[in-house]
Amino acid sequence: MKKEDTVKLVSAEGFEFVVDKKAAMVSHTIRNMLTSPGSFAETQHGEVTFPEISTPILEKICQYFYWSLQFASGKETEFHIEPEITLELMMAANYLHT
Amino acid sequence: MKSLRVLQAIYIRVKRHKITYFIQCDPTESTLDIKQKLQELVDQPTNNQRLTLVSTNEILDDSKTLAEQKVENDAIVALTLKKDDNEFEEVYIARVEDFTSFS
């Protein structure tokens with residue numbers, strides 16, 4: 001895999017998640033960052049920090065990106081969400097337009 | 001029949017310290033194929049990488065496929081690298097509890 005095809009998402013606690021750009025673009029917010037003509041400084045380095053999103057939530061979101069791609073290609077599985085993270089996950093998803 | 005997609009069937013989560021690599025792959029790919037995908041991302045040649053399936057603590061064999069070694073979709077695999085003394089480091093995946101935020 002090439003570095004330029006990936007993007008690094010950093011959580012509030014400084015944990016890093018390296019995902020395919022294609023997967024990250026499931027999020028409209030990230031898609032806009034990666035494709036806007038002016039280019040955000042963060043995306044030029046291929047790194048986006050989310051100081052408001054905790055590590056377990058950001059990991060769940062990354063899993064969702066890949067689940068979403070699998071679902072779109074016809075693999076119909078369920079996406080499991082633990083009840084205790086539901087609210088925080090919804091807030092993050094809302095922010096990311098995911 | 002559905003048309004062929006470029007997208008590969010599964011993904012695994014390769015973890016070392018505070019970093020997680022989401023790697024798309026296919027159950028028929030070998031461990032070595034995965035190491036080749038990781039090569040550029042971790043900046044280490046394949047023979048300096050060791051992958052361990054976290055759920056069973058089993059070290060993955062380069063020549064075997066993911067399916068043969070029961071590496072499934074969303075599996076967590078620990079990455080360890082060779083140290084200067086030619087030994088592999090210990091498996092270490094940071095936990096979020098060790099880094100509580102101040103907010």
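Per chain, numbering begins at 1; letters A, B, ... match sequence-line order. Below, each value reflects all heavy atoms present in this structure, side chains not excepted, and no hydrogens, waters or symmetry copies.
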Would you mind checking which part of A:K8 comes under 4.5 Å of any heavy atom in chain B, side chain (CB onward), backbone (N, CA, C, O), both or neither? side chain
Using a 4.5 Å heavy-atom cutoff, which residues in residues 62-91 of chain B come close to chain A? B:N73, B:D74
Given heavy-atom pairs under 4.5 angstrom as the criterion, report whether the side chain, backbone, both or neither of A:E59 touches chain B. both
Kindly give the heavy-atom pair with the smallest separation between A:Q63 and B:F22, and that separation in Å. N-CE2, 3.8 Å
Would you say CD of B:E97 has more than 12 non-hydrogen atoms from neighbouring residues, nucleotides or ligands within 6.0 angstrom? yes
Straight-line distance of B:I10 CD1 to A:K75 NZ, nearest 0.5 Å: 7.5 Å
According to a hydrophobic-cluster definition based on side-chain heavy atoms being under 4.5 Å apart (Ile, Leu, Val, Met, Phe, Trp, Tyr only), do A:L9 and A:M25 belong together? yes
Do B:E40 and A:E4 have side-chain heavy atoms sitting under 4.5 Å apart? yes
Quick one: pull up NZ in A:K3 and CG in B:L41 and give me the separation to the nearest 0.5 Å. 7.0 Å
If hydrophobic clusters are built by linking Ile, Leu, Val, Met, Phe, Trp and Tyr wherever their side-chain heavy atoms come under 4.5 Å apart, do B:I23 and B:V42 end up in the same one? yes
For atom OH of A:Y95, decide whether the heavy atoms of other residues, nucleotides or ligands shown that lie under 6.0 angstrom number more than 12. no
Straight-line distance of B:Y11 OH to A:L69 CG, nearest 0.5 Å: 10.5 Å
Sort A:S11 into side chain, backbone, both or neither according to what part of it lies under 4.5 angstrom from a heavy atom of chain B. neither
Hey, are the side chains of A:M1 and B:L38 touching, using non-hydrogen atoms and a 4.5 Å cut-off? no
Please examine the side chains of B:V96 and A:P56, heavy atoms only from C-beta on, and report whether any two atoms are closer than 4.5 Å. yes
Can you hop from A:I85 to A:L96 via hydrophobic side chains spaced under 4.5 Å? yes
Can you check side chain to side chain contact (heavy atoms under 4.5 Å, CB included) on B:K18 and A:T55, steps first, answer last? CA-CA 10 Å; B:K18 289 177 84 176; A:T55 306; over 6 Å; no
Cluster link A:V10 to B:Y21, ILVMFWY, side chain under 4.5 Å: no
Considering non-hydrogen atoms only, spot the tightest contact between B:A94 and A:F15 and give its length. O-CE2, 3.4 Å
Report yes or no: do A:L58 and A:M33 belong to one cluster of Ile/Leu/Val/Met/Phe/Trp/Tyr joined by side chain heavy-atom distances under 4.5 Å? yes
Looking at B:H17, B:Q36, B:R95, B:Q39, which makes the most heavy-atom pairs under 4.5 Å with chain A? B:R95
